[in-house]
Amino acid sequence: MVRVEEDDFDLSTEVKKITDGRTDIGAVVSFTGLVRDFQNNADTPKPDQGQMTLEHYPGMTEKQLEQIEAEAHKRWPLSASLIIHRFGTLNPGDQIVLVLTASPHRQAAFEAAMFLMDWLKTKAPFWKKETGPEGEAWVAAKSDDDAAADKWS
Amino acid sequence: MKLLYFAWLRERIGVPEEERDLPASVTTAHELIDYLSAQGSAYQAAFADRELIKVAIDQEHAALTASVVGAHEVAFFPPVTGG
């Protein structure tokens, strides 16, 4: 399942929803992404002074995330999965993305979670803008992320 | 055709989306960028560095060489930075 929303999420609630009433799931892997303090100035973090705004492409975002999720289900024997991605204004330390994968055995869940994040980073149409005391700047894409996504193709 | 712009492309162009009737000579995303770049200095500035421009045709990622003929919705944006 895919959810794109402004609201925060709760990890344990989401895990319960996925596993409730099921006995075929042997492994649940979760990845939670948090807003880091000023990616553009990683050496000099300034707590509580920066904000991040996430813009996305409504319609395409959901479509892309659903395609990525479907691809994960094709590649691994997953019992269930969930992708939540937030948009709007976030503060350092806020949760921004959640990926959950469930499978009978751990390897599929581990690998699929990594795959989902790697592909999401390069395919889901989100853009981060950082705002701080010195102005605002769009976050630049990283070539590391492209390399991480490419290794699954 | 519906055109959409995101992130700094949207900011530089000044609108998030617009509807345009394109001349028949515009068949690829590259040609669409050429056409838009000639629509004023804001467009020219937004599309100046083509290396940084990504395109989605009807909400699917595409190459700048891809055809836009018959598309309902074409979006331009910088490389994505979610997650």
Side-chain angles (χ1 to χ4, degrees), chain A residues 2 4 31-36 39-40 52-68 83-88 90 95-99 113-130 136-146 148-149, chain B residues 1-20 28-30 32-33 36-37 41-83:
Chain A
V2 163
V4 181
F31 172 85
T32 306
L34 307 176
V35 176
R36 204 151 28 85
Q39 302 200 8
N40 286 338
M52 178 174 279
T53 308
L54 261 131
E55 178 173 333
H56 79 114
Y57 182 172
M60 180 173 172
T61 307
E62 291 82 356
K63 208 166 151 184
Q64 287 293 312
L65 291 176
E66 279 161 13
Q67 284 175 12
I68 295 167
I83 305 172
I84 299 177
H85 204 303
R86 297 179 67 193
F87 63 92
L90 300 172
Q95 304 188 110
I96 179 168
V97 61
L98 175 69
V99 162
M114 201 169 216
F115 165 83
L116 285 171
M117 274 311 299
D118 284 346
W119 270 32
L120 179 158
K121 295 276 291 184
T122 56
K123 294 183 197 294
F126 286 95
W127 300 274
K128 288 177 183 147
K129 185 189 219 179
E130 292 173 345
E136 48 180 44
W138 291 97
V139 173
K142 295 192 195 77
S143 55
D144 288 2
D145 289 337
D146 286 331
Chain B
M1 184 183 288
K2 186 179 179 185
L3 301 174
L4 298 100
Y5 312 109
F6 291 95
W8 50 257
L9 266 144
R10 170 181 56 73
E11 289 180 339
R12 287 181 200 175
I13 290 168
V15 293
E17 60 179 78
E18 61 183 324
E19 197 72 41
R20 271 185 191 265
T28 66
H30 262 308
L32 179 51
I33 293 176
L36 290 170
S37 297
S41 56
Y43 288 93
Q44 206 180 352
F47 288 109
D49 190 350
R50 214 165 283 209
E51 298 266 292
L52 295 176
I53 312 278
K54 302 283 182 191
V55 66
I57 300 171
D58 289 332
Q59 303 192 350
E60 296 288 347
H61 291 289
L64 293 183
T65 50
S67 170
V68 296
V69 176
H72 296 288
E73 188 172 305
V74 175
F76 292 104
F77 44 79
V80 301
T81 55

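Since the model is a prediction, treat every value here as computed from it, not as a measurement. Proteins get letters first, then strands, A, B, ... in listed order; numbering begins at 1 in each.
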Participant: Within a 6.0 Å radius of atom CE on B/M1, are there more than 12 heavy atoms belonging to other residues, nucleotides or ligands?
Facilitator: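 Yes.
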Participant: Indicate the ring-plane relationship of A/W127 and B/F6, choosing parallel, tilted or perpendicular according to the 30° and 60° boundaries.
Facilitator: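 Rings of A/W127 and B/F6: parallel, as their planes differ by under 30°.
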Participant: Restricting to non-hydrogen atoms, name the atom on B/V80 and the atom on A/A141 that form the minimum distance, rounded to 0.1 Å.
Facilitator: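 Scanning both residues, the minimum pair turns out to be O-CB, 4.0 Å.
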Participant: I need the contact set between residues 43-50 of chain B and chain A: heavy-atom distance under 4.5 Å, sorted by residue number.
Facilitator: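 Residues in range: none.
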Participant: Side chain, backbone, both or neither: which part of B/L52 has a non-hydrogen atom closer than 4.5 Å to chain A?
Facilitator: neither
Participant: Which residues from residues 8-16 of chain B are near chain A, with near meaning under 4.5 Å between non-hydrogen atoms?
Facilitator: B/W8, B/R10, B/E11
Participant: How many angstroms lie between OG1 in B/T81 and CD in A/E130, if you round to the nearest 0.5 Å?
Facilitator: 9.0 Å
Participant: Counting only heavy atoms closer than 4.5 Å, note whether A/K121 contacts chain B via side chain, backbone, both or neither.
Facilitator: both
Participant: Under the rule for salt bridge (Lys or Arg N to Asp or Glu O under 4.0 Å), what residues qualify as partners of B/E18, not counting sequence neighbours?
Facilitator: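 Scan of B/E18 (salt bridge (Lys or Arg N to Asp or Glu O under 4.0 Å), adjacent residues dropped) gives B/R20.
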Participant: State which residue, out of A/E62, A/Q64, A/M60, fulfils the side-chain contact (heavy atoms from CB on, under 4.5 Å) condition with B/Q59.
Facilitator: A/M60
Participant: Which one wins on heavy-atom pair count under 4.5 Å against chain B: A/Y57, A/F31, A/F126?
Facilitator: A/Y57
Participant: Using salt bridge (Lys or Arg N to Asp or Glu O under 4.0 Å) as the criterion, list what pairs up with A/D145, not counting sequence neighbours.
Facilitator: none
Participant: Can you tell me how far the NZ atom of B/K54 sits from the OG1 atom of A/T122, to the nearest 0.5 Å?
Facilitator: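 One gets 9.5 Å once the value is rounded to the nearest 0.5 Å.
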